[in-house]
K.L.:
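First the structure, then my questions, so here it is.
Order of listing sets the numbers, starting from 1, for every ligand and every atom in it. Start at 1 with the first residue, then count along the sequence.
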Amino acid sequence: MSNHLYDALMAPQASSERCFVRQSGKPDLSFREFATLASRLANRLVEAGLLPGDRVVVQAPKTVEMVALYIATLQAGGVFLPLNTAYKRDELAYFIADATPRIVVCDGAREIEVRAVAGDGHVLTLNSDGKGTLTDGIEGMPGHFDPVPRTKNDLAALLYTSGTTGRSKGAMLTHGNLLSNARALCDLWQITSSDTLIHALPIFHTHGLFVALNTSLLAGVRLDFQTGFDLNAIFEAMSQSTMLMGVPTFYTRLLGDARLTKEATQKMRLFVSGSAPLLAETHEAFTARTGHRILERYGMTETNMITSNPFDGERRAGTVGRPIADIEVRLTDAETGKDVSQGEVGMIEVRGPNVFAGYWNMPEKTAAELRDSGFFITGDLGSLSADGYLSIVGRSKDLIITGGYNVYPKEVEDVLNDIEGVVESAVFGVPDADFGEAIIAAVVPKADAALDPKALALGVEEKLARFKHPRRYELIEALPRNTMGKVQKNLLRETYR
Ligand code: ATP
Ligand code: MG
């Protein structure tokens, strides 16, 4: 009997003595040692009552033990459900009530709080040092566990969306969804066992968890495991690594450091960016400093990765590249659902082995966003170039309709960002009695720039039709962002309405 994902990700490496995890201040961990830890944890989960199909909620600091818990959950036939460490008690209560997990793993420091909302879930702890009731005495558990049979249609994970546009939804991801995407990405990005990946992303989100870890396990990549983003640690790791996967803020922070040079990045072969838009300017600046072209890709919790710039071939700044193998992308008109003409903006829809099985406990939402034809309506708007590169212009929920005209925030943001003295900007709509919505621009000036709204307005008037001009310019120190670097336009809309 087989376990679709475990058999591909872990089984082939389970007896390899090669190094899997290198972490500062800790001994190296081989693939074999990691696989043994996962088997022991699988035994522990079963001892704690886990049955196939049960959810394992984990809200814990980033540790190798938490990565092993992910593999252990797959092995035991469970459904892995990691949560953002920033979530507070009431948020946790919602996720736990929604997902009804058999087991809840949390930071020991929050145990009392978590017990109060854990319902019937069996609570175990896992602290930032890897210790806790989950791992206490783990060496005494058998280091072998026969994987529970799972097919490609069984659930592997229940991953909640980031909650950027509303309440987070639980995306049901199957073994087949995750494995097909990991295979496609390894192929596309030419990931092999000669690679070392700098892993500095959180592991409660699709980027750090699936894009980074599933590909690494599948290809036998060594991890330079870092528990957060720290410039010193990244620079140190770059001299012995080949890949970095990051959100755009990683790259702007690297660019802000004088140590970023051709020499410092000489050993690296691939820099990947995603989870939020990478400004074309950041892309170009990175190339100018290092000679590397950042590879931008696009995906979401519900679908894993959808498109990617090529490994060989042109990595086009401001685009997210072409559909990944076996994935179809089409752009449709919001009203008719028909394909838009080439070059026009439309709703991004996607179909393929990567597309999730639906939203947990939300049959209406699933029915509204997953067409019978298998296409998933992403909620993102984009356009395709003649040679098939996708550009994202924003989320449909952020589209501004003012006086009956559609305004795509990105078009206005691009113009603002090009104005001397502007670091970045966010354009959004607020309710307006006359126009339906009025356009507001929040602009972050450079530290030493003396920007005034008049200069911004002039810059915009030169380039854009009148109906696209912001009504108001708000100069702010920084855009509000969540942990994945996504701009929180809902907060801006509330603040400036
Ligand atoms: P929610 O669905 O709860 O509102 P969310 O959509 O932010 O939250 P995620 O699944 O983490 O949750 O993020 C997916 C979204 O991130 C995509 O729909 C897209 O809007 C954005 N995104 C991801 N990669 C890119 C990229 N390279 N460029 C622009 N946007 C991106
Ligand atoms: Mg979303």
K.L.:
Output the list of atoms in ligand 1 that are nearer than 4.0 Å to some heavy atom of Thr164, sorted by atom number.
P.N.:
1 (P), 3 (O), 4 (O), 5 (P), 7 (O), 8 (O)

K.L.:
Can you confirm whether the side chains of Thr174 and Asn153 place a donor and an acceptor under 3.5 Å from each other?
P.N.:
no

K.L.:
Which atoms of ligand 1 sit under 4.0 Å from any heavy atom of Glu296?
P.N.:
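Counting atoms of ligand 1 from 1, those under 4.0 Å from Glu296 are 26 (C), 27 (N), 28 (N).
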
K.L.:
Please verify whether a non-hydrogen atom of Met484 lies at under 4.0 Å from ligand 1.
P.N.:
no

K.L.:
Looking at Arg481 and Glu424, does any basic side-chain N land under 4.0 Å from a carboxylate oxygen?
P.N.:
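Judged by the 4.0 Å cut-off on N to carboxylate O distance, Arg481 and Glu424 do form a salt bridge.
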
K.L.:
Could you go through the salt bridge (Lys or Arg N to Asp or Glu O under 4.0 Å) check for Arg472 and Glu474 one step at a time?
P.N.:
CA-CA 7 Å; Arg472 225 161 71 214; Glu474 300 284 349; 2.9 Å; yes

K.L.:
Counting heavy atoms only, which part of Val320 comes closer than 4.0 Å to ligand 1: side chain, backbone, both or neither?
P.N.:
side chain

K.L.:
Between Asp398 and Arg493, is there a side-chain N and carboxylate O pair less than 4.0 Å apart?
P.N.:
yes

K.L.:
Strictly below 4.0 Å, N to O, side chains only: are Asp414 and Lys410 in salt-bridge contact?
P.N.:
yes

K.L.:
From the options Ser162, Ala276, Gly321, select the one whose nearest heavy atom is closest to atom 12 (O) of ligand 1.
P.N.:
Ser162

K.L.:
In terms of atom number and element, which parts of ligand 1 are under 4.0 angstrom from non-hydrogen atoms of Thr301?
P.N.:
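In order of number, 9 (P), 10 (O), 11 (O).
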
K.L.:
Counting heavy atoms only, which part of Ser273 comes closer than 4.0 Å to ligand 1: side chain, backbone, both or neither?
P.N.:
neither

K.L.:
Would Ser308 and Trp189 count as having a side-chain donor-acceptor pair, cut-off 3.5 Å?
P.N.:
yes

K.L.:
With heavy atoms of Pro277 as the reference, note each atom of ligand 1 found under 4.0 Å away.
P.N.:
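Answer for ligand 1: 28 (N), 29 (C), 30 (N).
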
K.L.:
Under 4.0 Å from a heavy atom of Gly299: which atoms of ligand 1 are those, numbered in the order shown and with their elements?
P.N.:
14 (C), 17 (C), 23 (C), 24 (N)

K.L.:
Which of the numbered atoms in ligand 1 are below 4.0 angstrom from a heavy atom of His205?
P.N.:
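Once the distances to His205 are compared, the set is 11 (O).
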
